[in-house]
Amino acid sequence: MDNYDTLFIGYPNWWGDMPMIIYNFLERYNLSGKTIVPFCTHGGSGLSNTESTIADITEGKMKDGFAIPGTTAQNDRDTARNNVTDWLREDGFIE
Ligand SMILES: Cc1cc2nc3c(=O)[nH]c(=O)nc-3n(C[C@H](O)[C@H](O)[C@H](O)COP(=O)(O)O)c2cc1C
């Protein structure tokens, strides 16, 4: 983990929360000071409160997260690609 400054952490929104394996990951490493970029698929709830949950656990530097309906991600690749590109641009990862 020492080799990484920025982590993109992706998960499905389950019950307004993250799957337990994401908690295992976040608690397994010292991510304090890392740049953390959350993204999720969902069925209508967006990111819920997962960004602040990740911030509380990791004390990382949070970038604005990204949420996309699972159906869009699966069935409308053009829209998904555009939305992802816009988000990465807004977060400063691409020009
Ligand atoms: C157990 C379970 C709980 C879920 N809870 C939520 C929820 O609270 N809010 C929401 O927007 N979507 C919820 N969903 C929908 C998932 O976020 C959605 O199916 C997933 O992001 C799409 O990825 P998949 O194709 O792997 O299922 C839930 C799905 C499952 C299976």
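We count ligands from 1, going down the list as the structure has it; atoms in each ligand are counted the same way.
- Near ligand 1, heavy-atom contacts under 4.0 Å come from P12, N13, W14, W15, G16, T41, H42, G43, G44, S45, G70, Q74.
- For residues 39-61, the set of pairs meeting the side chain to side chain donor-acceptor pair (under 3.5 Å) definition, not counting sequence neighbours, comprises Y11-T50, N13-S48.
- Nearest heavy-atom pair, L26 versus M18, reported as atom, atom and distance to 0.1 Å: CD1-CE, 4.1 Å.
- Sorted by first and then second residue, the pairs that involve residues 67-82 and meet side chain to side chain donor-acceptor pair (under 3.5 Å), not counting sequence neighbours, are D76-T79, D78-R81.
- Looking at residues two or more places apart in sequence or on another chain, you find a side-chain hydrogen bond (donor to acceptor under 3.5 Å, both in side chains) between D17 and Y23.
- A cation-pi contact, defined as under 6.0 Å to the ring centre and within 45° of the axis, links K63 to F93.
- For the atom pair T35 OG1 and L7 CG, the distance stands at 9.0 Å (nearest 0.5 Å).
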